[in-house]
Trainee: 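Please find one structure pasted underneath; my questions will follow.
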Protein chains: 2
Amino acid sequence: MKFAAVDVRQAASAADIVYEALRKAIIEGDLAEGENLRQDQIAQMFNISRIPVREALSRLEQHGLITTQRYKGAVVAGLSIEEIEEIFEFRALIEAEVIRLAVPNLDREALEKARRHCDAFDRETDPHRWGEINRNFHYSLYEASRRPYYLQNVRSSLDRIDRYLRAQLSFTNGVPRAGREHEAILAACEQGDADLASRLTRDHILDAGRSLMTFLREQRG
Amino acid sequence: MKFAAVDVRQAASAADIVYEALRKAIIEGDLAEGENLRQDQIAQMFNISRIPVREALSRLEQHGLITTQRYKGAVVAGLSIEEIEEIFEFRALIEAEVIRLAVPNLDREALEKARRHCDAFDRETDPHRWGEINRNFHYSLYEASRRPYYLQNVRSSLDRIDRYLRAQLSFTNGVPRAGREHEAILAACEQGDADLASRLTRDHILDAGRSLMTFLREQRG
DNA sequence: CATAGAAAAATTGGATCCAATATACAATCG
DNA sequence: CGATTGTATATTGGATCCAATTTTTCTATG
């Protein structure tokens, strides 16, 4: 018997849907840090019971996106300046290595894809989309590293600080600079210079971290 | 009225207890990879309902220690040779950096603690304890890095491959070598040579990875 | 005896209900 | 009037029950 190849991914469970929705809302900054997350309220929003909501919240807590206290509930986790600095330092280390490993494997297709995301980033005017496109650009290069575990950690660390990064990109004029740095990274990749791409990626992340720090220090006083 | 200050930490929930117990069993290799984990069976072992068990399993899945399929249940995750290699490579990167950051902060107390764990590792004859003592030794140095996020990732990556490492230490004679490498790392730390400690840590992890690879390739055929 | 199909058992995800505890607010007492 | 105590409400963690689906077992048939 012949049949079309169908993506038979298991339909997402309710807990999966809630988890993804809350994760997205947190990393995009739609849920402010410190905001209360009531199980019942979330359950009603999705028209489900609290059971899958609890499961979703438990997962979010494992990833450090929320904190929970018995009888008190969950709140969106806030990060101190020191914690944010540490995560940027970590990202610089990991992502510099990931792109170093990726460069030898980058083919024409991957480079073209990265080019499209790079251009899209420069053209985009909606602040809410910068974060997404920024991820797409970096991931399109990182994927060639063929290191799923590294990528999982890249994603996890970026998830934690993405909302701050997005806020900074929106409130300051960090976008043109990020765009230029993207161009330089992509050029190094196109020339097959792994060391240069690695150094530029590291600097790109540390620069963004420093900008964010000054932004936050002044915002938080 | 005077009274003693008491640690009023919230008693762990049932889900926490199950999570920690299963995590320990998996990383210590008491649960073999591929082994089925039935919610009902686990619930009965702990005399609780399936609800907290499900929550614990959901968390374990987030950490990559098990995989689940609807209507089929959970199995202890097995890692391919490539996945294990990648995790060792990742650990080498992270832990080399962590110890570099730690060395300047190591005080007399931390060094003495590390020395005790180092000696205990050499003296220990029970294979089941090597993994634990190995962790204690490395963590006692890493903690001085004052990088909680790095340490979280160190723990998470070590969790995934610890059972293979323990098996290899038990079945081959990798312990004396690891002991010598620990000595060298500790000596570099005592001399305040961060770069050397970093290089030695990196080599220590990569060496262990290579030993494990040859062990596994021959074991798996 | 081998095999296809039906029935039974096993197993998970989710809904509803209950117990435990924190918080907010009213009642009481000095 | 302020402080303290009691009570009602809000909220979470867990138990029990139900629905959906897979796996296994049994049975009928060629």
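Naming convention: chains lettered A, B, ... in sequence-line order (proteins, then strands); numbering from 1 in each chain.
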Trainee: Side chain of A/W130, backbone of A/S170: donor and acceptor closer than 3.5 Å?
Mentor: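 Such a contact is absent between A/W130 side chain and A/S170 backbone.
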Trainee: A/E55 has an atom CD; how far is it from atom C1' of C/dG13, in whole Å?
Mentor: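 To the nearest whole Å, that distance equals 8 Å.
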Trainee: Round to a whole Å and report the spacing from CG of B/L57 to P of C/dT11.
Mentor: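 Atom-to-atom, B/L57 to C/dT11, this comes out as 14 Å.
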Trainee: Side chain of B/A15: nearest nucleotide among D/dA15, C/dG13, D/dG14?
Mentor: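 Taking heavy atoms from C-beta onward, the closest nucleotide is D/dG14.
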Trainee: Quick one: which of D/dT12, D/dA15, C/dT12 gets closest to the side chain of B/I48?
Mentor: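 Of D/dT12, D/dA15, C/dT12, D/dA15 is nearest to the side chain of B/I48.
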Trainee: Report which part of the nucleic acid B/L37 touches: base, sugar-phosphate, or nothing (heavy-atom distance under 4.0 Å, all strands).
Mentor: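 Result for B/L37 = sugar-phosphate.
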Trainee: Between B/G73 and A/P52, which residue's closest nucleotide on DNA chain C lies nearer the 5′ terminus?
Mentor: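 Its nucleotide being nearer the 5' end, the pick is B/G73.
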Trainee: I'd like to know if B/R50 reaches the base of C/dG13 with its side chain, counting only an N/O donor and acceptor under 3.5 Å.
Mentor: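 Answer yes: a donor N or O sits under 3.5 Å from an acceptor.
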Trainee: Expressed in angstrom and rounded to an integer, what is the separation of B/D40 atom CG from D/dA15 atom P?
Mentor: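 So the CG-P distance, B/D40 to D/dA15, works out to 12 Å.
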Trainee: Between B/F46 (CZ) and D/dG14 (P), how many Å, whole number?
Mentor: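 Atom CZ in B/F46 sits about 13 Å away from atom P in D/dG14.
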Trainee: Tell me whether the side-chain N/O atoms of B/R38 come closer than 4.0 Å to OP1 or OP2 in C/dT11.
Mentor: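 Looking at the OP1 and OP2 atoms of C/dT11, one of them is under 4.0 Å from a side-chain N or O of B/R38.
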Trainee: Do any side-chain nitrogens or oxygens of A/Q39 fall under 4.0 Å of OP1 or OP2 in D/dG13?
Mentor: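 A/Q39 to D/dG13 OP1/OP2: side-chain N or O found under 4.0 Å.
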Trainee: Are a donor atom and an acceptor atom from the side chains of B/H117 and B/N134 found within less than 3.5 Å of each other?
Mentor: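 Their side chains do not contain a donor-acceptor pair, so the 3.5 Å distance test is not met.
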Trainee: From B/L60 CG over to B/E55 CD, what is the distance, rounded to the nearest 0.5 angstrom?
Mentor: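 With rounding to 0.5 Å, CG (B/L60) is 11.0 Å from CD (B/E55).
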Trainee: Nearest whole angstrom, please: distance from the C1' of D/dA15 to the CG of B/N47.
Mentor: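 About 13 Å, once rounded to whole Å.
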Trainee: Considering only D/dT22, D/dT11, D/dG14, which nucleotide approaches the side chain of B/Y71 most closely?
Mentor: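 That would be D/dT22.
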Trainee: Tell me yes or no: between the side chains of A/E61 and A/T68, is some donor less than 3.5 Å from an acceptor?
Mentor: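 Their side chains do contain a donor-acceptor pair, which is all the 3.5 Å distance test asks for.
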Trainee: Using whole Å, report how far CG of A/N36 lies from P of D/dA10.
Mentor: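 The distance from CG of A/N36 to P of D/dA10 comes to 15 Å, rounded to the nearest Å.
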Trainee: May I ask you to evaluate whether A/K72 reaches the phosphate of C/dT21, defined as a side-chain N or O under 4.0 Å from OP1 or OP2?
Mentor: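 So the side chain of A/K72 is outside the cut-off, no N or O lying under 4.0 Å from OP1 or OP2 of C/dT21.
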Trainee: To the nearest Å, give me how far apart CZ (A/R70) and C1' (D/dG13) are.
Mentor: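 One finds 5 Å between C1' of D/dG13 and CZ of A/R70, rounded.
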Trainee: Identify whether any heavy atom of A/R54 sits under 4.0 Å from a base atom; if not, whether one sits that close to sugar-phosphate; answer base, sugar-phosphate or nothing.
Mentor: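 The answer is base, as A/R54 lies within the cut-off (heavy atoms under 4.0 Å) of a base atom.
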Trainee: Could you tell me the separation between the OH atom of B/Y19 and the C1' atom of D/dG13, rounded to a whole number of Å?
Mentor: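 To the nearest whole Å, that distance equals 19 Å.
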Trainee: State, with a plain yes or no, whether a side-chain heavy atom of A/C189 is found less than 4.5 Å away from one of A/L111.
Mentor: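 The answer is yes, as the side chains (C-beta and beyond) meet within the 4.5 Å cut-off.
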